[in-house]
Amino acid sequence: MTLHDLMKNFIQDYLNVNKIEFNDWSINPNTQKGFGDYSSNIALKLTKLLKKSPLEIAEEITNHHNNKKEIFDLSASKPGFVNFHISNKYYIQILRQIIAEKELFGKQKKLNQKANVEFVSCNPTGPLTVGHGRQAILGDMISSILSWQGYDVTREYYYNDAGKQMRILSESCYAKYASKVGVAFDEPENGYIGGYLDEIADKIIDKYGKDLTKDDTIFRTFTEKEIFKDIESSLKNLGIKFDVFSKEGAYYKNGSIDNVLSILEEKNLSYKKDGAIWFKTSELGKEEDKVLVKSSGEPTYRLPDIAYHADKVDRGFDLIVDVFGADHIDTYPDVILGLKCLDKKTDHIKVVIHQFVTIKKGGEIVKMSTRKANFITLDELHDELNSDVIRYFFIMRGANSHLDFDLDLAKDESEKNPVYYLQYANARISNLLIRYQKEINENPKIDLSKLNEKDEISLIKLLSKFPQKMDEVSESLEPRKLATYLEEVAAAYHKFYGNHKVINHDDINTSFARKQLCEATQIILKNGLSILGISAPDRM
RNA sequence: GCCCCGGUAGCUCAGCUGGAUAGAGCAACGGAUUUCUAAUCCGUAGGUCAUAGGUUCAAAUCCUAUCCGGGGUACCA
């Protein structure tokens, strides 16, 4: 039973004994010192019902029989809080547990549940940009968090290998090819002009010669393959690997797109107008109807997206997470609506929307466009900064905040990046443990009750919160919260380290207890960092 | 116009399922070093939580309106 449950039970017992039916109350950790570790607002909430002053009620609760005295004491404080003071003994007990369970501490058992996390999912029309990085890292970390919580996670990348953008891409590639081999050609409208296409055109010349015609499928298939290879390698540089790649084309081939259309038609949820097929979203609470198939006969992205999501639901995942950029904020509800119309389950789909990354270069905001080739690639970023820094940089801000990525400052700031603060705490511990082994090399009986300094206790308290923190992080799907927690742990450790010597030949018992505390801290730091995909070097 | 984010210290941001005295990093200033690795620690200074109302015993947090910034509002994806 968790600490939270124990405290809750105590209050519930008070309510039961006094025959009070009431559940609008909570227990929260205290931010202020001097009022214990946790406080409940129960007495404040009961004032109206019991027609007594809150402080009076709080005192009454404080005097209620407490059979968990070895775990917590109680006090009441104005204006009517019930405070829980957790005993050091309890925390020491948790510390013992961390040391015993090692890197398994806080790790959830296999749930026998499958989760699917879809992220990045951009079309292979060019290299990944810095803007994609945020999504890549966010999605990867969310996946790791869910694994830690016991899910069997599939990382999935979905892309459109069949639509208009890919056609323009192949035309653009042909344009490069034609100009290189000296054949007349039409400049494609809205074509891509990036230098990466020059390289691909060169490769095509090397491999297939100079006599290809515009209609040759090589321009599409080869270009797609080359670009995709680059995307995969950019992701790999950041430690990201996908399990499944789903292509839009497959949903045409297996008929599932037609199937969606016929079901909607059957249910009278679509109609034809101006040569296009429309989805009656206005009848389902939206402001206007949306086009499913253009008058040209090409579907809009909406239709295959519905078919793709229906497939994901059919594959039987217990949790589906979609990580989207802010541009999807208006479109994903259409997809969910579509699923509902197909009678698919949707309440296990969670959508994480993140705001865009704006890039600052030379003090100015750069509008990036793959087509116009004025982007900064993830690879270029990786040349300047190591993967640990990049990963941390992208989740330092909440997904809902805009991320201003100042390239000129990124390098400067990387030296002050909090990620080093975390890694340094770990490296300090590694070094210390080696020294301990060398200098003391003696393992007396464990007596963790030696740990009663303020800095020691507050460090242990933080460590004990790790499992609860992971629950919170996986519930909210916000990796940043884990990073913030780890920073707190590192800070508490650095403080402890600065104020107390671990290796002390005159007091082997205390030394040993402190060494154990260091080991426990390292376990938490390493676990946390590994979930975030950040390395934990032993030396810095 | 409509929709979605955001507005908190000089800067970048936490805190937002309402709780006690609003936090951190950077920048500024002062201190700790023959180090168990100073990539660290301690201290000082810095705030009308955009504004105005409302709900509440209690509002940075919830509601309403206004202002400012970003994004979205395609038979593009």
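Chain letters run A, B, ... following the sequence lines, proteins first and then strands; every chain starts at 1.
- We find that CE of A:M396 is positioned 10 Å from P of B:A14, with the value rounded to whole Å.
- Residue contacts shown for A:A425 are absent, as no nucleic acid heavy atom lies under 4.0 Å away.
- To the nearest angstrom, C1' of B:A20 lies 15 Å from CG of A:D37.
- Which of B:C76, B:C13, B:G15 sits closest to the side chain of A:K294 comes down to B:C76.
- For the pairing with A:I534, the side chain to side chain contact (heavy atoms under 4.5 Å, CB included) check across A:V389, A:V419, A:I395, A:L422 returns one residue only, A:V419.
- Judged as a side-chain hydrogen bond (donor to acceptor under 3.5 Å, both in side chains), and not counting sequence neighbours, A:K465 has no contacts.
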With 3.5 Å as the limit, what N/O pairs link the protein to nucleotides 39-42 of chain B?
residue: B:U40; atom: O2'; partner: A:R428; partner atom: NH1; Å: 3.1
residue: B:C41; atom: OP1; partner: A:Y421; partner atom: OH; Å: 2.4
residue: B:C42; atom: OP1; partner: A:K495; partner atom: NZ; Å: 3.2

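- Taking atom P in both B:G6 and B:C62, the straight-line distance is 9 Å, to the nearest Å.
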Polar-atom pairs under 3.5 Å, protein N or O versus N or O of nucleotides 57-61 of chain B: list them with distances, or write none.
residue: B:C57; atom: OP1; partner: A:K48; partner atom: NZ; Å: 3.3

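- A heavy atom closer than 4.0 Å to some atom of RNA chain B occurs in A:N431, A:L432, A:R435, these being the qualifying members of residues 431-438 of chain A.
- A search for side-chain hydrogen bond (donor to acceptor under 3.5 Å, both in side chains) contacts involving A:Y252 returns A:E248, not counting sequence neighbours.
- A:L403 places its CG atom 16 Å from the C1' atom of B:G69, with the value rounded to the nearest Å.
- Side-chain N/O atoms of A:R397 include none lying less than 4.0 angstrom from OP1 or OP2 on B:G70.
- Among the protein residues, A:D538 comes within range of the nucleic acid bases, having at least one heavy atom under 4.0 Å from a base atom.
- The interatomic distance linking A:N30 (CG) with B:G23 (C1') rounds to 16 Å, in whole Å.
- Residues satisfying the side-chain hydrogen bond (donor to acceptor under 3.5 Å, both in side chains) test with A:S295, not counting sequence neighbours, are none.
- Taking A:D455 as the reference, A:N499, A:H500 meet the side-chain hydrogen bond (donor to acceptor under 3.5 Å, both in side chains) condition, with sequence neighbours excluded.
- Checking A:T331 against A:H328 by side-chain atom types alone, no donor-acceptor pair falls below 3.5 Å.
- Looking at heavy-atom distances under 4.0 Å, A:N83 makes contact with a base.
- Partners of A:D5 by salt bridge (Lys or Arg N to Asp or Glu O under 4.0 Å), not counting sequence neighbours: none found.
- Between A:R480 atom CZ and B:U12 atom C1' the separation is 14 Å, expressed in whole Å.
- Nearest to the side-chain atoms of A:F81 among the listed nucleotides B:G19, B:A14, B:A77 stands B:G19.
- A:Q468 and A:T2 are not linked by any side-chain donor-acceptor pair at a separation below 3.5 angstrom, with hydrogens and angles left out of the test.
- In this structure, A:Y301 has no ring pair (Phe, Tyr, Trp, His ring centres under 6.0 Å) partners at least two apart in sequence or on a different chain.
- Side-chain atoms of A:D161 come within 3.5 Å of backbone atoms of A:G249 as a donor-acceptor pair (strictly under, hydrogens ignored).
- Within 3.5 Å, a donor on the side chain of A:S39 pairs with an acceptor on the base of B:A20, or the reverse.
- At the heavy-atom level, A:S295 lies under 4.0 Å from base atoms of the strands shown.
- Here A:D322 pairs with A:K312 under the salt bridge (Lys or Arg N to Asp or Glu O under 4.0 Å) rule; sequence neighbours left out.
- Checked against the 6.0 Å centroid threshold, A:F72 and A:Y38 do not count as a close aromatic pair.
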List, with names and distances, any nitrogen or oxygen atoms from the protein found under 3.5 Å away from nitrogen or oxygen atoms belonging to nucleotides 3-6 of chain B.
residue: B:C5; atom: O2'; partner: A:N400; partner atom: O; Å: 2.3

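- Going from the C1' atom of B:C16 to that of B:A58 covers 16 Å, rounded to whole Å.
- In this model, no donor atom of one side chain and acceptor atom of the other lie less than 3.5 Å apart for A:Y493 and A:E488.
- Nucleic acid contact class of A:G80 (heavy atoms, under 4.0 Å, all strands): none.
- For A:K273 and A:W278, the positive end sits near the middle of the six-membered ring, less than 6.0 Å away and at most 45° from its axis.
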- Check step by step if side chain to side chain donor-acceptor pair (under 3.5 Å) holds for A:E156 and A:Y308. CA-CA 12 Å; A:E156 184 152 333; A:Y308 166 59; 2.9 Å; yes

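- Nucleic acid contact for A:N504: none, since no nucleic acid atom lies under 4.0 Å from a heavy atom of the residue.
- For the pair A:Q165 CD and B:A74 P, the interatomic distance rounds to 16 Å; values are reported in whole Å.
- Taking atom P on both nucleotides, B:C5 is separated from B:C11 by 25 Å, rounded to a whole Å.
- Across B:A74 and B:A22, the matching P atoms stand 46 Å from one another, rounded to whole Å.
- Side-chain atoms of A:Q423 and A:D388 include a donor-acceptor pair closer than 3.5 Å.
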message: For A:D289 and A:Y271: C-alpha separation, side-chain torsions, deciding distance, then whether side chain to side chain donor-acceptor pair (under 3.5 Å) applies.
response: CA-CA 10 Å; A:D289 292 341; A:Y271 61 92; 2.5 Å; yes

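- Residue-to-nucleotide contacts include a donor-acceptor pair under 3.5 Å from the side chain of A:S77 to the base of B:A20.
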Symbol by symbol from the 5' end, with Watson-Crick or G-U pairs under 3.5 Å, [ ] crossing and | another strand, RNA chain B is (((((((..((((.....[...)))).(((((.......))))).....(((((..]....))))))))))))....

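- The same atom, P, is picked in B:C76 and in B:A14; the two are 36 Å apart, to the nearest Å.
- Of the possible donor and acceptor atoms, one in the side chain of A:Y196 sits under 3.5 Å from a partner among the backbone N and O of A:T125.
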